[in-house]
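Along the sequence shown, residues are numbered consecutively beginning with 1. Atoms within a ligand are numbered from 1 in the order they appear, just like the ligands themselves. All heavy atoms count here, side chains included; hydrogens, waters and symmetry mates do not.
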Amino acid sequence: MSDDIRNNPPEAGLAERAAETRSRIEEKVRKQFAIPIDEATPEQVYEAVGLCVRDDIMDSWITWRTSTQRSGAKCVIYLSAEFLIGRLLTNNLINLGKYECYEMALRELGYDMATIEEVESDPALGNGGLGRLAACFMDSLATLGLPSMGYGIRYEYGFFRQEIRDGRQVEIPDNWAFGGAVWETARTDRTYEVRFGGTVEENWNSDGNLRVEYRDYQSVIAKPYDMPVVGYRSPYTGTLRLWSAVAPKQLDLVQFNRGDYESASADRELAESISKVLYPEDSHPRGKELRLRQQYFLVSATMQQIVDSHRRRNGDLRKLPDAVVVQINDTHPTLAIPELIRILIDNEGFSWEEAVEIAERTFNYTNHTLLPEALECWPAPLMRSLLPRIYRIIETIDARLRDRIWQTNPGDADLISRLAIIHDGKVRMANLCVLMSTKVNGVSQLHGKLLKTRLFRDFYVTQPEKFLGITNGITQRRWLAVANPRLNSLINDTIGEGFMRDWTKLEELVPYAEDASFRQKFDEVKRENKRDFATWLERTHGISIDPESFMDVQAKRLHEYKRQLLKAVHILSIYDGLVSGRITDMPKVSFVFAAKAAPGYVRAKDTIRLINAISRLVAGNERTRDAMSVVFVPNYDVSTAQVLMPATDLSEQISTAGFEASGTGNMKFMLNGALTIGTMDGANIEMAEEVGEENMFIFGARVEEIDRMKADHSYRPREVAQADGRLQKALEHLVDGSLPTSDNSRFEDLYHSLMDSDPYFALYDFDAYDKAFWEALRVYGDRDEWLRRAVLNTARSGYFSSDRTINEYNEAVWHLTPIDDAARFDEA
Ligand SMILES: *Cc1c(COP(=O)(O)O)cnc(C)c1O
């Protein structure tokens with residue numbers, strides 16, 4: 001990759017600054033590793049460079065903290081079990097405006113930036129979209145100068161590394177910490193104790209105060225690691241605080257003296273296991289006890305710290321909601337709500353009413369799913385024994401809610417059973433969130449609307465003002481400047497770099513869609529990106545791909561609703577068409593998939609096996625292998641997305657309408673100039689509004705149609721298959737033994753899931769998909785038309801900047817003052 005194109009116009013003094021940076025790097029290597037630079041490995045150089053960049057960040061980081069504190073500006077707390085941050089070196093350098101300088105310094109030392117960048121591990125502290133959204137939000141918050149802190153868990157093992165062996169997914173533990181450690185600062189001075197289990201006794205004092213006593217509980221110490229979040233050319237720096245679980249210093253002496261060594265050390269192990277692994281579940285909570293421990297660990301440490309620092313700074317906890325607003329990212333951090341109530345009552349002496357009122361004004365909740373099975377529920381007995389005090393508080397909230405409904409809707413037991421927090425032996429986290437939050441938002445317009453009419457309808461009826469839809473976004477810093485330096489500098493050269501801070505400026509590119517010489521350059525960028533991707537794929541995974549082919553990409557978590565299976569079956573129909581001679585003139589297509597499946601999700605893993613079998617089938621037939629290829633890119637993560645998206649021609653966003661809450665992958669592809677083939681689902685709908693439906697390939701059943709078929713049970717997938725010869729034949733491959741697998745196994749379960757129930761309407765949409773796909777290839781054949789649309793997609797993608805999203809959250813929910821203004825108010 002040629003790196004000079006990432007650079008700003010050359011400035012006076014660059015050479016001097018690079019020389020100074022070079023000697024700082026040399027010095028760091030000497031001090032850190034006790035060797036001269038010419039003996040350093042790329043790993044050592046990376047670490048030294050990272051530490052130098054960190055030094056560059058420190059001053060502004062300290063300024064940020066002190067100015068936020070001094071001004072008493074309101075701060076948003078972004079609480080999330082996942083932060084999928086990706087590699088930080090390039091991102092931080094670009095945001096600092098120092099990429100060019102470091103790049104030159106490294107070149108003088110005999111290293112190219114790409115080698116050093118790749119040393120850094122990609123901290124996979126998230127599953128997919130939800131975790132990546134949190135990371136994009138942190139970038140936008142820092143860039144916009146909004147006082148903010150992210151709080152999460154420092155998982156020792158992030159999301160598993162995926163390898164493909166014999167066509168199947170194999171999960172390898174991912175110990176990410178090595179390279180990431182450069183960016184962290186352990187704050188041993190800010191630890192908190194989190195308590196599990198034991199018993200709770202509530203006593204009323206003679207003076208009428210409640211005294212709550214905890215006994216026989218297990219202690220875990222939460223130790224924070226802080227990472228700076230560098231905003232783009234922003235003088236201020238935000239903070240991501242990740243908690244790590246450690247056992248308390250002393251062994252439990254009582255146990256130890258009783259000779260109960262085993263259980264004493266078991267306690268230690270249990271304590272440390274809390275931040276050991278990220279659960280690899282996405283939209284499929286599995287109700288594991290350790291997961292509940294993780295959730296409480298995160299929120300207890302966070303809320304204790306927030307209360308603590310507010311008390312120290314402000315003194316009056318009644319004013320907490322004026323100083324902090326907490327955004328709960330999905331239901332995973334829900335227990336923050338009863339935890340705050342617990343702290344206020346048990347530690348600070350507040351009454352129930354006061355504590356609840358403060359909590360209700362502090363929290364807001366973002367929902368991320370429409371799948372009912374993805375709504376978190378915890379067995380009540382588990383919660384009662386693991387978190388006795390928290391469970392008592394939830395019971396009280398629930399009892400008061402039931403009383404209230406009984407008064408407003410006497411006799412409506414059904415309504416109570418729908419709204420209740422504890423129901424049927426389960427604690428429903430979403431109900432608790434909705435009840436106790438100031439605002440509840442969906443993540444696209446459609447999703448916001450569906451929350452009101454489906455999932456939370458009963459809540460909506462009584463409190464319509466609570467509900468919002470705020471469409472997700474992505475940061476153009478990572479997804480364009482870092483991921484696609486060529487396109488970024490082409491845009492810089494054309495309209496200037498203002499769009500990096502002001503997303504509305506990207507629209508200035510619209511007229512260039514009609515400019516043939518601009519289209520030519522746009523095309524050349526895509527071609528070079530494809531070559532880079534092919535080189536990367538060969539080097540990293542030993543897989544070859546034709547960089548001249550049409551790149552048709554579906555990259556996202558593997559889930560039935562996302563319908564990788566529809567795509568796979570469609571590829572089989574193309575295979576059949578090429579073999580039979582029905583299809584003759586098709587440009588060469590590379591069908592690229594990248595997706596991790598949850599380890600326990602059998603059907604998802606089977607779909608990966610199917611895709612790899614199709615890949616072998618196609619490669620093994622001389623009538624198909626030169627016309628198309630099917631490539632499964634292992635281990636989809638942020639770094640993979642960064643090389644894949646800039647190289648993509650066609651973006652597959654084909655979820656069943658009404659199931660994808662928003663999607664953010666769709667936005668990244670759009671920004672990078674891919675055209676989208678997609679259903680009217682999630683944010684695709686708004687993409688169509690921005691760029692025009694005529695510049696996308698929209699197909700398939702709309703939400704209303706899907707809803708109707710679900711309601712009247714009229715859908716008969718087998719009949720759909722039987723009525724379409726191509727579909728029928730494509731499906732037969734799953735069971736007739738024609739697909740090559742290492743153990744001769746077939747795909748009966750997938751076949752029957754489609755033929756007998758097809759809950760995600762893949763066969764229903766097959767024909768519409770087929771038409772849209774061939775239309776896409778037709779347009780691709782018209783180079784000028786394709787490029788015109790591609791340019792328009794990039795030019796109209798500004799709306800999907802997470803800066804816009806964050807501004808909307810701020811206006812509707814948080815009401816923060818940007819730090820520049822806050823600092824000025826302070827001086828006034
Ligand atoms: C953006 C992103 C996702 C989300 O993709 P969707 O298509 O919105 O599901 C998942 N994983 C990674 C690594 C991403 O960068």
Side-chain angles (χ1 to χ4, degrees), residues 80 82-87 91 121-139 158-162 174 176 278 280-284 329-330 368-371 374 442-444 446-447 471-480 482-484 553-564 567 592-598 604 633-648 650-656 659-672 674 676-679 681-687 797 800-802 805:
S80 178
E82 304 185 10
F83 285 90
L84 192 52
I85 54 182
R87 289 175 175 148
N91 190 78
S121 58
D122 181 338
L125 308 184
N127 271 287
L130 172 149
R132 184 53 231 176
L133 183 77
C136 284
F137 278 9
M138 293 306 294
D139 177 272
F159 198 20
F160 66 84
R161 213 154 45 72
Q162 180 195 55
D174 165 59
W176 62 279
L278 166 75
E281 310 291 342
D282 186 59
S283 305
H284 255 238
N329 194 26
D330 211 337
H368 285 269
T369 183
L370 286 159
L371 302 174
V443 289
S444 68
L446 175 68
H447 182 222
T471 304
N472 278 169
I474 55 162
T475 162
Q476 64 268 44
R477 272 77 62 183
R478 181 171 292 269
W479 296 108
L480 193 65
V482 177
N484 198 343
V553 180
Q554 187 170 21
K556 48 181 74 252
R557 284 299 296 271
L558 216 142
H559 212 294
E560 284 167 283
Y561 82 81
K562 291 178 184 278
R563 298 201 296 193
Q564 281 93 351
K567 183 70 188 156
V592 180
F593 291 89
K596 289 181 187 174
V633 182
N635 199 43
Y636 186 52
D637 59 7
V638 173
S639 301
T640 304
Q642 285 175 207
V643 281
L644 182 53
M645 286 167 170
T648 297
L650 187 64
S651 157
E652 299 277 346
Q653 307 300 336
I654 60 177
S655 53
T656 315
F659 284 89
E660 187 72 270
S662 164
T664 48
N666 45 2
M667 303 168 185
K668 301 170 197 165
F669 283 109
M670 182 189 189
L671 174 63
N672 282 281
T676 299
I677 182 167
T679 46
D681 198 18
N684 294 355
I685 296 172
E686 289 155 79
M687 284 165 59
S797 67
F800 300 104
S801 165
S802 44
T805 314

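Listed for the R161 side chain is no donor-acceptor partner under 3.5 Å among the backbone atoms of D174.
With a 4.5 Å cut-off on side-chain heavy atoms, C136 and R478 do not count as touching. In this structure the side chain of M667 never reaches within 4.5 angstrom of the side chain of W479, judged on heavy atoms.
Residues passing the side chain to side chain contact (heavy atoms under 4.5 Å, CB included) test with S651, sequence neighbours excluded: Q653, F669, A674, T676. Under the rule for a ring pair (Phe, Tyr, Trp, His ring centres under 6.0 Å), the partners of F137 that lie at least two apart in sequence or sit in another chain are Y78, Y809. When the ring pair (Phe, Tyr, Trp, His ring centres under 6.0 Å) test is applied to Y561, the partners found at least two apart in sequence or on another chain are H559.
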Protein N/O near ligand 1 N/O, under 3.5 Å, which pairs?
from: ligand 1; atom 1: 7 (O); to: K556; atom 2: NZ; distance (Å): 2.7
from: ligand 1; atom 1: 8 (O); to: T664; atom 2: N; distance (Å): 2.8
from: ligand 1; atom 1: 8 (O); to: G665; atom 2: N; distance (Å): 3.0
from: ligand 1; atom 1: 9 (O); to: K562; atom 2: NZ; distance (Å): 2.7
from: ligand 1; atom 1: 15 (O); to: K668; atom 2: NZ; distance (Å): 2.6

